[in-house]
Amino acid sequence: MPRWPKPPEGSWTEHYPELGTAPMSYEDSISPEFYELERKAIFERAWLNVGRVEQLPKVGSYFTKEIDAAKTSVLVVRDRDKQVRAFHNVCRHRGNKLVWNEFPRQEVSGTCRQFTCKYHGWRYGLDGALNFVQQEAEFFDLDKSALGLVPVHCELWAGFIFVNLAATPSQTLREFLGPMVTDLEGYPFERMTDRYSYRAEVGANWKLYMDAFQEFYHAPVLHANQSPDNYATAAQQAGFEAPHYQLDGPHRLVSTSGVVTWELDPTMRKPMEDITRSGLFGPWDTPDLGEMPRGLNPAKCDPWGLDSFQLFPNFVILIWSGGWYLTYHYWPTTHNRHIFEGNLYFVPARTPRERVAREMAAVTFKEYALQDSNTLEATQISLESRAVSRFPLNDQEILLRHLHKVANDWVRSYSEEATVR
């Protein structure tokens, strides 16, 4: 059962004794051996978000997702019954990647009636069935009905597309998400179809980057140069403390109070914020989204700023009080590198001014995110020296403790099962 404490003295970590309060090891972020176990224990068994239904607007729409941590490529498609399906992106003839363009490792998207292998021309329907074999008579006892694309478990929640690479998932998607996440149902994700995306390869373990967005203790220091001097100085002196942290199964939430940007002293705003009526906290003009679901703003902050839902293993949904949301993905490629993806979602702009406001929010967020990635590469380098092996965490860093504990628990459970087998 989830536990949602409201500590009277502001201590969160002590309400979860299984997390401990001792200095923490980051060996799980620098060990190649641990990463190999992590790939099998987590990325081949957990539900992974690979996109949204808006990426598949009609029958025949498809996209591919490279999941390096599981050493596979997944093909996601809307079939003729308008259902979303997922398959391993592998031709059943000689193992060629089925769907790709000029570069085999590059993700692609498009619309088609069928999938044709570039190597020998085998063709597959949108349902994955093998429909045509070049020179079929040359083969021995060929059963096309048994040679369709290998399916991947695929389920939808609130328009988000999840896949699970296990032969038999241990939980349905809904069971895996749990009530803290599913209580977001009713939020109008489907209305926010203006998407701004960025992607970067980061020289740090995927969990280290997740850690950066699981606490806001660093923000007044690391991002000081992005704010006017008087605001940055005041923020550093005051520090930052979020009013609410929440754990539910393998997932986490941090909720914060807000800042009404346009009500700040003009000297504490940037000129570009005034010109575009936008900035880090999004466009100033908030759309009417109707009643919000019960899962938002659980601490009842007034003013409320944002809720950051950290879905295990590598997906974040960050919902802002200004009527927009963003997502983060962290896709491991090695023990000390990963692909970071950010997507900002808005209700479609109706005027040029609204479009400019969305563009301003997107470029501002990109700058902040890249500041974090640069810092984390420095963290990875230092951790790998092993000059220091344990690190103290404060009460605001409870979600960091939880992520690393859950990752270690999944690896431990997998290793124990492997020993029994």
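Counted by atom type alone, Asn336 and Glu384 present one or more donor-acceptor pairs between their side chains at under 3.5 Å. For Asp307 and His244, the side-chain atoms include no donor-acceptor pair closer than 3.5 Å.
Considering every non-hydrogen atom in both Ser145 and Asp143, the closest pair reads OG-OD1, 2.5 Å. Across all non-hydrogen atoms, the minimal contact from Arg191 to Leu289 is NH1-CA, 3.8 Å. Taking all atoms of both residues into account, the shortest heavy-atom contact from Asn205 to Ser29 is CB-O, 3.3 Å. Residues Cys301 and Pro243 come closest through the heavy atom pair SG-CG, 3.3 Å. Contact detail for Asp194 and Pro348: the closest heavy-atom pair is OD2-CA, 3.2 Å. When all heavy atoms are compared, the tightest approach of Leu253 to Pro298 is CD2-CG, 3.7 Å.
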Take Leu403 and Gln310 through the side chain to side chain contact (heavy atoms under 4.5 Å, CB included) test and state the conclusion after the steps.
CA-CA 9 Å; Leu403 169 61; Gln310 311 272 330; over 6 Å; no

Dump the intermediate steps for ring pair (Phe, Tyr, Trp, His ring centres under 6.0 Å) on Tyr196 and Phe346, then the final yes or no.
CA-CA 9 Å; Tyr196 298 81; Phe346 303 94; 5.8 Å; yes

Take Leu184 and Ile319, measure what side chain to side chain contact (heavy atoms under 4.5 Å, CB included) needs, and give me the verdict at the end.
CA-CA 10 Å; Leu184 288 177; Ile319 299 177; 4.0 Å; yes

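Formation of a donor-acceptor pair under 3.5 Å by the Arg358 side chain with backbone atoms of Val347 is found in this model. At distances below 3.5 Å, not a single donor-acceptor pair connects side-chain atoms of Glu175 with backbone N or O atoms of Gln171. Without hydrogens or angle criteria, Asn297 side chain to Lys300 main chain gives a donor-acceptor distance under 3.5 Å. In this structure, the side chain of Glu367 does not engage the main chain of Thr364 through any donor-acceptor pair within 3.5 Å. Judged by distance alone, the side chain of His251 and the main-chain N or O of Phe176 form a donor-acceptor pair under 3.5 Å. Side chain of Trp324 to main chain of Phe281: a donor-acceptor pair is present (N/O by atom type, distance under 3.5 Å, no hydrogens or angles). In this structure a side-chain-to-backbone donor-acceptor pair under 3.5 Å is missing from Glu215 to Gln396. A distance-only check finds no donor-acceptor pair linking the side chain of Arg390 to the backbone of Val388 [under 3.5 Å]. With hydrogens and angles ignored, the 3.5 Å screen pairs a side-chain donor or acceptor of Thr379 with a backbone N or O of Thr375. Of the possible polar contacts, one joining the Ser321 side chain to the Trp304 backbone as a donor-acceptor pair under 3.5 Å is found.
Atom-to-atom distance recorded for Leu306:CG and Thr256:OG1 is 3.5 Å, nearest 0.5 angstrom. To the nearest 0.5 Å, the span separating OG1 on Thr21 from OH on Tyr16 amounts to 15.5 Å. Taking CD1 of Ile317 as the start and CG of Asn49 as the end, the distance is 7.0 Å to the nearest 0.5 Å. Atom CH2 of Trp47 and atom CG of Leu177 lie 9.5 Å apart (nearest 0.5 Å).
Annotation: ring-ring contact (aromatic ring centres under 6.0 Å, His included) contacts of Trp410 (sequence neighbours excluded): Phe312. A search for side chain to side chain donor-acceptor pair (under 3.5 Å) contacts involving Glu54 returns Arg52, not counting sequence neighbours. A search for side chain to side chain donor-acceptor pair (under 3.5 Å) contacts involving Ser61 returns nothing, not counting sequence neighbours. Residues passing the side-chain contact (heavy atoms from CB on, under 4.5 Å) test with Met272, sequence neighbours excluded: Ile275, Thr276, Met360. For Arg353, the salt bridge (Lys or Arg N to Asp or Glu O under 4.0 Å) test picks out no residue, with sequence neighbours left out. Residues meeting the salt bridge (Lys or Arg N to Asp or Glu O under 4.0 Å) test with Arg412, sequence neighbours left out: Asp409. The salt bridge (Lys or Arg N to Asp or Glu O under 4.0 Å) check on Arg294 picks up Asp183, with sequence neighbours excluded. Take Glu14 and apply the salt bridge (Lys or Arg N to Asp or Glu O under 4.0 Å) test, not counting sequence neighbours, and it matches no residue.
With a 6.0 Å radius and a threshold of 12 heavy atoms from other residues, nucleotides or ligands, Arg355 has its CZ atom at or below the threshold. Taking a 6.0 Å sphere around CZ of Arg386, one finds it holds more than 12 heavy atoms contributed by other residues, nucleotides or ligands. Around CZ of Phe391, the count of heavy atoms belonging to other residues, nucleotides or ligands within 6.0 Å exceeds 12.
Contact check for Glu397 versus Asn394: side-chain heavy atoms found under the 4.5 Å cut-off. Residues Asp285 and Glu354 fail the side-chain proximity criterion, which asks for heavy atoms closer than 4.5 Å. Proximity of Asn314 to Trp331: side-chain heavy atoms (C-beta onward) are separated by under 4.5 Å at one or more points. For the pair Phe132/Thr116, no side-chain contact is recorded, criterion being any heavy-atom separation below 4.5 Å from C-beta on. Put simply, the side chain of Phe213 reaches to within 4.5 Å of the side chain of Tyr330, judged on heavy atoms. Within the 4.5 Å cutoff, the side chain of Leu399 has no heavy atoms near those of the Asp211 side chain. Contact of the Glu27 side chain with the Ser389 side chain is not registered, since no non-hydrogen atoms from C-beta on lie closer than 4.5 Å. In this structure, the side chains of Leu48 and Phe315 stay at 4.5 Å or more apart for every pair of heavy atoms.
Using a 30° and 60° split on the angle between ring planes, Phe365 and Trp320 fall in the perpendicular class, above 60°.
For Tyr345 and Phe189, the ring centers are positioned 6.0 Å apart or more. Taking the six-membered ring for Trp and the full ring otherwise, the centers of His338 and Tyr209 sit less than 6.0 Å from each other.
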With a 3.5 Å cut-off and sequence neighbours excluded, list the donor-acceptor pairs that the side chains of residues 120-128 form with protein atoms.
| residue | atom | partner | partner atom | Å |
| --- | --- | --- | --- | --- |
| His120 | ND1 | His93 | ND1 | 3.2 |
| Tyr124 | OH | Arg92 | N | 2.9 |
| Asp127 | OD1 | Ala129 | N | 3.0 |

Solution key, residues 98-110 side-chain donor-acceptor pairs under 3.5 Å, sequence neighbours excluded:
| residue | atom | partner | partner atom | Å |
| --- | --- | --- | --- | --- |
| Trp100 | NE1 | Lys97 | O | 3.0 |
| Glu107 | OE2 | Lys65 | NZ | 3.3 |
| Glu107 | OE2 | Glu66 | N | 3.0 |

Residues 148-166, side-chain donor-acceptor partners within the protein, below 3.5 Å, at least two apart:
| residue | atom | partner | partner atom | Å |
| --- | --- | --- | --- | --- |
| His153 | NE2 | Ala166 | O | 3.4 |
| His153 | NE2 | Ala167 | O | 2.9 |
| Glu155 | OE1 | Leu173 | N | 3.2 |
| Trp157 | NE1 | Glu185 | OE2 | 2.9 |
| Asn164 | OD1 | Ala166 | N | 2.9 |
| Asn164 | ND2 | Arg45 | O | 3.0 |

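Note on residues 33-43: pairs passing side-chain hydrogen bond (donor to acceptor under 3.5 Å, both in side chains), not counting sequence neighbours, are Ser31-Glu33, Glu36-Arg39, Glu38-Trp206, Glu38-Lys207.
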